[in-house]
Amino acid sequence: MDGSLAARDRVGIQDFVLLDDCTCITAFMENLEKRFNADLIYTYIGTLLVSVNPYRELDIYTRKKMDLYMGVNFFELPPHIFALADNVYRTMISEINNHFILISGESGAGKTEASKKILQFYAVSCVRTEVLDIVRDRLLLSNPVLEAFGNAKTLKNDNSSRFGKYMDIQFDHQGAAVGGHILSYLLEKSRVVHQNHGERNFHIFYQLVEGGEDELLHRLGLERNSENYMYLVEGECVQVGSINDQSDWKTVRKALTVIDFSERDIEHLFAVIASVLHLGNIHFEASRGYATLNSSEEIHWLSKLLGISANLLQEALTHRKIEAKGEEVCLPLSHTGLKKELLSDTNKYFQNVLLQDSSRKTVIGLLDIYGFEVFDVNSFEQFCINYCNEKLQQLFIQLTIKSEQEEYEMEGIEWQPVPFFNNKIICDLVEEKHRGIISVLDEECLRPGEPTDLTFLEKLEEKLAGHPHFVTHMLADQKTRKTLGRGEFRLMHYAGEVTYSVTGKKETATTITVSSRLIYMMLSLFNVYFLECILINIMVGAKNICIQVATQFKNNLFSLTQILMSKEPWYVRCLKPNNDKRPGHFDDVLVRHQVKYLALMEHLRVRRAGFAYRRRYEVFLKRYKPLCPDTWPNWKGTAAEGVELLVKHLGYRPSEYKMGRSKIFIRHPRTLFATEDAFDICRHELATRIQAKYKGYRTKGDYLKQKEAATKIEACWRGLQARKERERRAWAVKVIKKFIKGFMNRNQPVSMDNSEYLAFVRQSYLTRLRENLPTSVLDRTSWLTPPPIMQEASVILQKVYTRHLVRKYVRGITAQRKAQVPLQTVTITSVLQGDLVLQCSSLFEALTKLCLVMKNHKFIKVVDGSVRFDIQPGREGVIDFKSSSESMVYRAKNGHLIVNFRGKKTELSAECKDVNEKNLEKVGSIVVDSGP
Ligand SMILES: Nc1ncnc2c1ncn2[C@@H]1O[C@H](COP(=O)(O)OP(=O)(O)OP(=O)(O)O)[C@@H](O)[C@H]1O
């Protein structure tokens, strides 16, 4: 209802209960039309669903829609048949009780479609089990079969159900479908032998003739042409654009097999159908007051199909006692038998799939039945249908009022009913013992003598004179008398007045009288179902059949109401928008008529008999609490106290509402609408606030997320760094350990323990050496002391390096400098730390030359292989000459300059001697020490 409150301005009101004036049919019609024009074909009256046939496919029965409506609060979504079906199912599961859905409306209003939609919804939404699949398949597949045998094309509907149908779906405690049961009411038997212009016989006849396989038709003695059969052509519309008999035949044929009919049963069915067609083609001729037959072909086939001897058949058909009129109508009964057989078998296989455990089974019943019928001439059939509707209305009143009363009692609220019409008086008028119309009919038929239409009417007048809902020509006032024929009586039904023709009724009753002999013959050949259902009729004879039909119908209705009384009721009322099956066209007069005859205004009044709206305190408070500062945003007290505060704040008058134990009851919709309007405004404001809050919340959320992410990244980064550092340290420790071990074993032979350390020592020494190389040839002291393992290498390196220095020095002496030294082949090789090294081929000559230059022949002395000279007064330089394998000049630790030369020492000594002996011509080399 809350949903309908919110949407009421856009597409009318979704629940008629909320119409302000529930007595005004114009307001009702306006709302209905407004919604129909917007393709909104469903509207509620409380939990009753009003449906208007759209006559075109609407996109509202998809799987998506089913999902949408599954498990949703009834009033939360726009009205829909799925919402009703779902609500019934959920209530059944939660309350573990039985329910029924009554679908009514006039022919073509969409009852069958509605029941199909409900079945489809259950097929999808119910708990899935293997058994459900079987039940679902059988329920869905039984439909084409039942339609073939019980539906026909009428002027109003190309697929009109000519019987009322009650279908039980049984569920286990988990909500899985475990079985089903079908009952039929009021089959229109007369259609088999008579069809109005523009109408057809039951579909199955055309399907067999048009779609049956050649071989089957051959076996049944049929031709593939419906025009050849009397019972199929009376309405002169064998072909109908919207019906495809051939493909329908295939569906039905397949369905018969799938739903477990044995081949033998199927053969029987076809034989009966063919027999009816053959029987319809039999011609009677009058000969000397007796009826004779001129149809040997048909007799042959009937005899063959029914297994009766042709003579017996002929005799039965032409026996004097048989009334020709009666013979013609024998077939509807046989068809009834056929139908009953079908239902019986259908029920058999439904029950087959029931689970063994029968505990805690609940039921949803679907009752698809004609609504009120009012024609120009209303006969016995309309009487029965309208009586049935009276009973159902009575049931509705009882159940609704009862449940209303129970609810008020439970809630501790005083029951103040708004007056509405209770139709019990009309039900009594029809069914009361000894006084009711049916009792009078029974008595009249049973009494000795000749009952006629008029004696029956007289009896009625006698018994019912003065009844406010019964009138005949004789009983009526002058004004009414003009509108009533002599053979008619009028009943003031709850839905309006209907005039019944007694002649019509009598005709219908007599159509049920049959040639007992013929039927007996036919039945004797078929199975027990036939015998069971019709044999009694044959035995009691034609007169008693009247009793049978009316009383049996009353009894049937009684048992139906018993079935329904024990269940929770739900209603679908189908309306036909126009008579031309035109989409989008709303015929106000026609719909108004149906609204009246379906008693929708009555329904509305009963619904509104008490309070228009009721809600649990929690629900009411939850919705409207923003309207009161005391209850918004959070109410700490009980829900009832909150609601009390809320309605006081809203200014409800005491007469407008009542507080129950768990619910608030609001009498008028306008009170609620005012509240809803206020809520609407408040909601917008709230929405803005909530939006702002939400945005803030989102931003804060984003910020927190980012912060969290940053912290995480930071933590990860730190972790990574820490891991790296740890690895680095571990590596360092390893290296240091190795280094220490290497150091400790440095003097050991190369092994695993010291190889790396030694390599390091080597590298480190070489690196240091490279950086600290001596720059002078004479510098013998600054050569880095090698570690023990580099001793040998160091000596080699030093030699190489000295040679390199000398070579470099020599290469560096320019020609000019060379010229400055006039000595023969004297070359300045190097200057190292102030020592001038002269190289010459003749040492003594060079020394002599120097003495000459210095003009001091004592300046240089040659003593014992050494050359001595004064560096400065008191300081003497010494050059020692030694023969060696290699030439070299270096300073010894004693400060002498040592000159190694290749050659023999004796020569030098000789040369030295020569100098001493003033032989200065033979100078080889001389080193002048310029001092440290
Ligand atoms: N909800 C719907 N959506 C679309 N078409 C529909 C709907 N309901 C009914 N119709 C159309 O109306 C036709 C008649 O509907 P349906 O046979 O259900 O009527 P009915 O009330 O069962 O009639 P009868 O009492 O004669 O059997 C359907 O064949 C279908 O074309």
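FYI, the numbering just counts along the sequence from 1. Atoms within a ligand are numbered from 1 in the order they appear, just like the ligands themselves. No experiment lies behind these values; they were computed from the predicted model shown.
Contact record, P577 with F36: CB-CZ, 3.8 Å, taken as the closest heavy-atom pair.
Legend: residues meeting ring pair (Phe, Tyr, Trp, His ring centres under 6.0 Å) with H203, ordered by chain and number and at least two apart, are absent. In this structure, D368 has no salt bridge (charged side-chain N to carboxylate O under 4.0 Å, His left out) partners at least two apart in sequence or on a different chain.
Within the structure, every pair that satisfies the salt bridge (Lys or Arg N to Asp or Glu O under 4.0 Å) test and touches residues 114-124, not counting sequence neighbours, is listed here: E113-K116, E113-K117, K116-E147.
Residues W249 and F270 bring their aromatic ring centres within 6.0 Å.
Protein neighbours of ligand 1 below 4.0 Å, counting non-hydrogen atoms: N53, P54, Y55, R56, Y61, E106, S107, G108, A109, G110, K111, T112, E113, N157, N159, S160, S161.
Tested against R200 for a side-chain hydrogen bond (donor to acceptor under 3.5 Å, both in side chains), the candidates N151, D158, D245 yield a single pass: D245.
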